[in-house]
Peer 1: 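Can you keep this structure in mind? I'll have questions shortly.
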Amino acid sequence: MQLKILFMGDHCSVSAQSYLVKLAKSDDISIIAGNITLKDNSLEAHASAISSDSPSYRFEFNENGSVRTTVCENFTFSKAADWFDWDYIAIQQTQSLADDKESYFPFISIITDKIKSLTPRTEIIITEPWAYEQDCMNEDFRKYSRDTDEMTRKIREAMIDVTSQSGIKIVLPLGEAWDKERKKGICRLTSDDGLHASRCGDFLSSAICYEILTGNNIAKNKYRLPFVNADIAAEIKNTAHEIAEKYRL
């Protein structure tokens, strides 16, 4: 079995593929995972770059199921879209705008229409970012009264509304999985900045994507997360499985 997925987003999408290939290898599955980013990763910026076919993208990918990553600069979206026969392209609103329903339109339509014209076979999916950690000092956190639960709720509300309007049927619910794991309190999912993912956060993001994309129970996957207690890693897998069951393809 081989799957090919291209992520378009910010550090949340990078997190989603951090351990994806290694998890797949443990189940004898080959995954080619790509990631395409701009300096400004808002959907508005992506729509502009895609419409003009601007060579402003950074394109990272692994090839033939390898864990090694190739990095290419000054790529156009059309070139990246044509690089592999992608099964999925996952789009994502940048984390700081993920709760703003108006920020998705009309840009999400521009992006999805272009994807459909370039790669008609590809399934378009959407990634739900996580909320900032309670101690995050990022200025954008002020609009949520520096409340992780409030940010989680608003992103979830936006995701429900956007998927309904756009017709996108498949969601990679990183935010929902992170919320569940945070409430268990067994490990910190962000780095010290309260914004970017820690090793555990990357593992959870990848685990939820793995089960949704492959249909395999991540809790039974044999991959061992380095430098993390085995019981904690197993609990992260259980959380991912609990959420993924709600979103099976």
Side-chain angles (χ1 to χ4, degrees), residues 2-25 30-98 103-104 107-130 138 140 172 174 190-193 195-199 201-203 205-206 209-210 213:
Q2 185 180 72
L3 290 174
K4 296 177 287 294
I5 178 168
L6 177 64
F7 291 90
M8 178 193 301
D10 58 13
H11 58 272
C12 296
S13 290
V14 174
S15 176
Q17 69 181 73
S18 297
Y19 292 97
L20 191 56
V21 175
K22 292 179 180 179
L23 289 167
K25 279 184 172 292
S30 173
I31 287 185
I32 294 175
N35 196 66
I36 189 164
T37 55
L38 296 166
K39 289 183 179 179
D40 172 6
N41 282 299
S42 67
L43 289 178
E44 181 176 6
H46 280 294
S48 177
I50 288 171
S51 297
S52 63
D53 210 26
S54 169
S56 52
Y57 278 102
R58 176 186 175 92
F59 179 41
E60 302 174 65
F61 63 93
N62 70 303
E63 197 159 11
N64 298 322
S66 168
V67 297
R68 294 184 178 183
T69 300
T70 299
V71 178
C72 301
E73 303 286 354
N74 304 318
F75 247 59
T76 63
F77 177 79
S78 61
K79 188 174 181 180
D82 190 51
W83 203 254
F84 295 107
D85 183 19
W86 302 106
D87 296 297
Y88 303 102
I89 294 181
I91 62 177
Q92 180 218 315
Q93 179 59 291
T94 195
Q95 191 179 23
S96 61
L97 294 173
S103 73
Y104 288 81
F107 313 113
I108 197 168
S109 299
I110 294 170
I111 294 167
T112 56
D113 287 349
K114 189 64 174 181
I115 293 172
K116 289 173 184 176
S117 70
L118 292 171
T119 59
R121 190 190 72 83
T122 301
E123 183 82 29
I124 301 170
I125 61 183
I126 191 165
T127 304
E128 176 192 45
W130 60 79
N138 188 290
D140 292 324
L172 300 178
L174 308 190
T190 63
S191 59
D192 290 343
D193 66 4
L195 177 66
H196 297 88
S198 65
R199 186 185 298 269
D202 282 338
F203 192 57
S205 298
S206 299
C209 291
Y210 174 76
L213 294 174

Peer 1: Which residues pass the side chain to side chain contact (heavy atoms under 4.5 Å, CB included) test with S198, not counting sequence neighbours?
Peer 2: C200
Peer 1: Quick check: closest heavy atoms across L118 and A81, and the distance to 0.1 Å?
Peer 2: CD1-CB, 4.3 Å
Peer 1: Can you check whether S15 reaches L174 side chain to side chain, under 4.5 Å on heavy atoms?
Peer 2: no
Peer 1: Under the rule for side chain to side chain donor-acceptor pair (under 3.5 Å), what residues qualify as partners of S109, not counting sequence neighbours?
Peer 2: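 If we apply the side chain to side chain donor-acceptor pair (under 3.5 Å) test to S109, skipping adjacent residues, there are no hits.
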Peer 1: If the condition is side chain to side chain donor-acceptor pair (under 3.5 Å), which residues does E63 pass it with, not counting sequence neighbours?
Peer 2: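 By the side chain to side chain donor-acceptor pair (under 3.5 Å) rule, E63 matches no residue at all.
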Peer 1: Closer than 3.5 angstrom, by distance alone: can the side chain of S48 be matched with the main-chain N or O of E44 as a donor-acceptor pair?
Peer 2: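 Judged by distance alone, no pair lies under 3.5 Å.
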Peer 1: Working note: L43 + S103, criterion side-chain contact (heavy atoms from CB on, under 4.5 Å); need CA distance, chi angles, decisive distance, verdict.
Peer 2: CA-CA 8 Å; L43 289 178; S103 73; over 6 Å; no
Peer 1: Is the number of heavy atoms from other residues, nucleotides or ligands under 6.0 Å of D53 CG greater than 12?
Peer 2: yes
Peer 1: Starting at CG of D10, measure out to CG of L195 and round the result to the nearest 0.5 Å.
Peer 2: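 If I round to the nearest 0.5 Å, the distance is 8.5 Å.
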Peer 1: Using a 4.5 Å cut-off on heavy atoms from C-beta on, say whether the side chain of I115 contacts that of F77.
Peer 2: yes
Peer 1: Nearest 0.5 angstrom please: E128 CD to C12 SG, how far?
Peer 2: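 Nearest 0.5 Å value for the CD-SG distance: 10.0 Å.
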Peer 1: Considering non-hydrogen atoms only, spot the tightest contact between V21 and A33 and give its length.
Peer 2: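 The pair with the smallest heavy-atom distance is CG2-CB, 4.4 Å.
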Peer 1: Check side chain to side chain donor-acceptor pair (under 3.5 Å) between D113 and all other residues, then give those that pass, not counting sequence neighbours.
Peer 2: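 By the side chain to side chain donor-acceptor pair (under 3.5 Å) rule, D113 matches no residue at all.
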Peer 1: Please report the interatomic distance CD1(I32) to CZ(F84), rounded to the nearest 0.5 Å.
Peer 2: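 If we round to the nearest 0.5 Å, I32:CD1 and F84:CZ are 4.5 Å apart.
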Peer 1: Within the structure provided, determine whether Q93 and S42 are in side-chain contact (heavy-atom separation under 4.5 Å).
Peer 2: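 Counting from C-beta outward, Q93 and S42 do come under 4.5 Å.
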Peer 1: What residues, two or more places apart in sequence or in another chain, satisfy side chain to side chain contact (heavy atoms under 4.5 Å, CB included) together with K79?
Peer 2: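 K79: side chain to side chain contact (heavy atoms under 4.5 Å, CB included) contacts with F75, T76, W83.
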Peer 1: Could you please spell out the steps behind the side-chain contact (heavy atoms from CB on, under 4.5 Å) verdict for F59 and L6?
Peer 2: CA-CA 10 Å; F59 179 41; L6 177 64; 3.8 Å; yes
Peer 1: Looking at every heavy atom in both V71 and E73, which two are closest together, and how far apart are they?
Peer 2: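 Answer, listing the atom of V71 first, then E73: CG1-OE2, 4.1 Å.
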Peer 1: Tell me, please, which residues at least two apart from D85 pass side chain to side chain donor-acceptor pair (under 3.5 Å).
Peer 2: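 D85: side chain to side chain donor-acceptor pair (under 3.5 Å) contacts with R121.
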Peer 1: Checking T122 now: which residues fulfil side chain to side chain contact (heavy atoms under 4.5 Å, CB included) with it, not counting sequence neighbours?
Peer 2: W86, I89, T119
Peer 1: Identify, with sequence neighbours excluded, every residue that meets ring-ring contact (aromatic ring centres under 6.0 Å, His included) alongside Y57.
Peer 2: H46
Peer 1: Check salt bridge (charged side-chain N to carboxylate O under 4.0 Å, His left out) between E60 and all other residues, then give those that pass, not counting sequence neighbours.
Peer 2: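 E60 satisfies salt bridge (charged side-chain N to carboxylate O under 4.0 Å, His left out) with R58 only.
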Peer 1: Please assess T69 against N35 for the test side-chain contact (heavy atoms from CB on, under 4.5 Å), listing each intermediate value before the final yes or no.
Peer 2: CA-CA 10 Å; T69 300; N35 196 66; over 6 Å; no
Peer 1: Less than 4.5 Å apart, side chain to side chain, heavy atoms only: is that true for L172 and I125?
Peer 2: yes
Peer 1: Could you check whether any side-chain N or O of Y88 sits under 3.5 Å from a backbone N or O of F7, counting only pairs where one atom can act as donor and the other as acceptor?
Peer 2: no
Peer 1: Show the nearest heavy-atom pair for residues A90 and I5, with the distance to one decimal.
Peer 2: CB-CD1, 4.4 Å
Peer 1: Residues in side chain to side chain contact (heavy atoms under 4.5 Å, CB included) with N74, at least two apart?
Peer 2: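 If we apply the side chain to side chain contact (heavy atoms under 4.5 Å, CB included) test to N74, skipping adjacent residues, there are no hits.
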Peer 1: If you take all heavy atoms of I31 and N62, which pair is closest and at what distance?
Peer 2: O-ND2, 2.9 Å
Peer 1: Can you sort out the partners of Y19 under ring-ring contact (aromatic ring centres under 6.0 Å, His included), two or more places apart, ordered by chain and number?
Peer 2: F203
Peer 1: Pair I108, I91 - check side-chain contact (heavy atoms from CB on, under 4.5 Å), show working.
Peer 2: CA-CA 9 Å; I108 197 168; I91 62 177; 3.6 Å; yes
Peer 1: Nearest 0.5 Å please: distance from the OG atom of S96 over to the CG atom of N138.
Peer 2: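 Here the rounded value is 7.5 Å.
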Peer 1: Taking ring-ring contact (aromatic ring centres under 6.0 Å, His included) as the test, write out the residues that go with H11, two or more places apart.
Peer 2: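 For H11 the ring-ring contact (aromatic ring centres under 6.0 Å, His included) partners, ignoring immediate neighbours, are W130, H196.
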Peer 1: Compare every heavy atom of Q95 with every heavy atom of Q92, then report the nearest pair and how far apart it is.
Peer 2: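 Residues Q92 and Q95, closest heavy atoms: NE2-N, 3.9 Å.
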